[in-house]
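Here the structure comes first, spelled out in structure tokens, and everything after it is commentary.
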Amino acid sequence: MTFEFKPLDFAQLPEAVQMPGYDRKALKPRIVHIGFGAFARAHVAMHLHEALEAHGGDWGMRVVELFGSPELFDRLVENDHLYTLVETSDDATNTRILGAVCDNQHVARDGIEALVDGLAEPQVSIISLTVTEKGYCVKNGALDTDNPMIQADLANPTAPKTAIGLIVAGLAKRKALGNGPVTVLSCDNLPHNGKLCGISIRQFAQKVDPELAQWIEENVTFPSTMVDRIVPALTDESRAEIRKALGGQVDLNGIICEPFRQWVIEDDFKAGRPQYEAAGAQLVADVEPFEEMKLRTLNGTHSFLAYLGFLAGIETISDCMADPVYAEHARKLMVNEQRPTLDVPGDVDLVAYADMLLKRFANSKLKHRTWQIASDGTQKMPQRWLNSVRYHMDKGTDHSHLILGVGGWMNYIRADRNGETYEIQDPMKDQLAEIVAKHGDDRQAYVDALLALDNVFPADLVASEAFTSAVYGAYAAVADKGAKQAVADLG
Ligand code: CS2
């Protein structure tokens, strides 16, 4: 199927499609958002849109990309930066046009200098980012100075290639121009995302210019946030759904997602903020309990289903939920193995939370691919599973689902599903492929080589014979019995 671009004719949209009700001419780029993928369109920019619907004002968003081609951004301009959001479930569908974005910059079209200058503009109060786990270039809690892109940026800090390098260059310019404080707002799925982002940026700045690092201490805050909304990557099928919702018009920047969304934000903004609470965001003093709850329960179960479902030939999360074996063990993972590890405020009911997540996972309109969630496992496993494993090992309690997840991942990265190959997406994919090639025929050596990846598997876990032999057992169970049987055999 091909979808030809044509600027949207807003006058011809079906009546049910809501247009923005606020004065878009008043918008200025007061927020610069780096990484405008599906999630940012459906979550971060949507919250701003709703804040503007409630209160108006000038909080517009400039979106910025460091990778890929500027084609979609050019098309965004042709639609006056308006794009479609379709929120859908098995019960209802709602379509609206979002309007908070007012400008864009793409490095391939505008050049890096324009992006750096953009961050330094005086009216910019927030620099937000969705660059995925790997975009923070952090290893074991510190800036990863072995990362070749970070090395390149440190050698040439005025022409950065990473988001971290770009932000530091922008802050340096801000300092030089005297353009005042700013907030850097991480919106990625990492525990303590603001804190980690701050560590990465501060350590980078310290290496480039200690005075800049000092200025950052005084002028920049890094609030943490918990972000939640299931937004699958676009497929031709979802593009066709968007076209249907628009009465036949094509919007290549449109997005489909679930109706649910949650945003918990640490209220620590250095230069003001939009009234995000008008969009339902929760502004709190401490985000950590919410982050851990979501990462372990939602994302941890997503990853479990992704590896063990994909290997069994199940293509989407809702198809996993339609299979009683996967549905039962997804719930057991959440309730029996993740829930006890969490320390949440007294009024949060983690069983009800788990049941709500299972309902969200069952949304058959989403077509959220197991293969998509299986990407970047080396970046996701520690916070989704391994911290919980440590909790159970200390207590001597059951964590067989978590371990089977790890065994599933070790099978998955072999890129062989009953003779069918598939693409592995992971920043460490070359290293993983080398391990498969070198040790793939010797189970013990293979598992050992993977457990030796010290930025994935913490040393204290790997030092435990109980852990390594459990992982070996899980790897063998999936390889010998098949993923579905291995899941069914869990207690
Ligand atoms: C998913 C997340 O792809 C993944 O790793 O687990 O993108 C998930 O859909 C979101 O975090 C939901 O908020």
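Whatever order the structure lists ligands and atoms in, that order sets their numbers, starting from 1. When a residue number appears, it is its place in the shown sequence, counting from 1. Please read all numbers here as calculations on a predicted model, not as lab measurements.
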Notebook entry, point to check: Any donor and acceptor pair, going by atom type alone, linking the side chain of Arg229 with main-chain N or O of Glu258 inside 3.5 Å?
Noted result: yes
Next item on the list: Side-chain contact test, heavy atoms from C-beta onward, threshold under 4.5 Å: evaluate it for Glu241 versus Lys244 and give yes or no.
Entry: yes
Item checked: Pairwise ring pair (Phe, Tyr, Trp, His ring centres under 6.0 Å) hits with a residue in residues 182-201, at least two apart -> none
Atom pairs, nitrogen or oxygen, ligand 1 to protein, under 3.5 angstrom:
| unit_1 | atom_1 | unit_2 | atom_2 | d |
| --- | --- | --- | --- | --- |
| ligand 1 | 5 (O) | Lys380 | NZ | 2.8 |
| ligand 1 | 5 (O) | Arg384 | NH1 | 3.1 |
| ligand 1 | 5 (O) | Arg384 | NH2 | 2.9 |
| ligand 1 | 6 (O) | Asn299 | ND2 | 3.0 |
| ligand 1 | 6 (O) | His302 | ND1 | 2.8 |
| ligand 1 | 6 (O) | Arg384 | NH1 | 3.3 |
| ligand 1 | 11 (O) | Asn189 | ND2 | 2.7 |
| ligand 1 | 11 (O) | Lys294 | NZ | 2.6 |
| ligand 1 | 11 (O) | Asn299 | ND2 | 2.9 |
| ligand 1 | 13 (O) | Asp228 | OD1 | 2.6 |
| ligand 1 | 13 (O) | Arg229 | N | 2.9 |
| ligand 1 | 13 (O) | Arg229 | O | 3.3 |
| ligand 1 | 13 (O) | Lys294 | NZ | 3.0 |

Which atom pairs, donor and acceptor, lie under 3.5 Å between side-chain atoms of residues 139-150 and protein residues at least two apart or in another chain?
| unit_1 | atom_1 | unit_2 | atom_2 | d |
| --- | --- | --- | --- | --- |
| Asp144 | OD1 | Asp146 | N | 3.0 |
| Asp144 | OD1 | Asn147 | N | 3.4 |
| Asn147 | OD1 | Met149 | N | 2.8 |

Throw together a table of side-chain donor-acceptor distances under 3.5 angstrom for residues 373-382, partners on residues two or more places apart or in other chains.
| unit_1 | atom_1 | unit_2 | atom_2 | d |
| --- | --- | --- | --- | --- |
| Ser375 | OG | Gln372 | O | 2.8 |
| Asp376 | OD2 | Lys134 | NZ | 2.5 |
| Thr378 | OG1 | Asp426 | OD1 | 2.6 |
| Thr378 | OG1 | Asp426 | OD2 | 3.2 |
| Lys380 | NZ | Ile373 | O | 3.1 |
| Lys380 | NZ | Ser375 | O | 3.0 |

Item checked: Name of the residue among Tyr22, Tyr276, Tyr83 meeting ring-ring contact (aromatic ring centres under 6.0 Å, His included) with His49 -> Tyr22
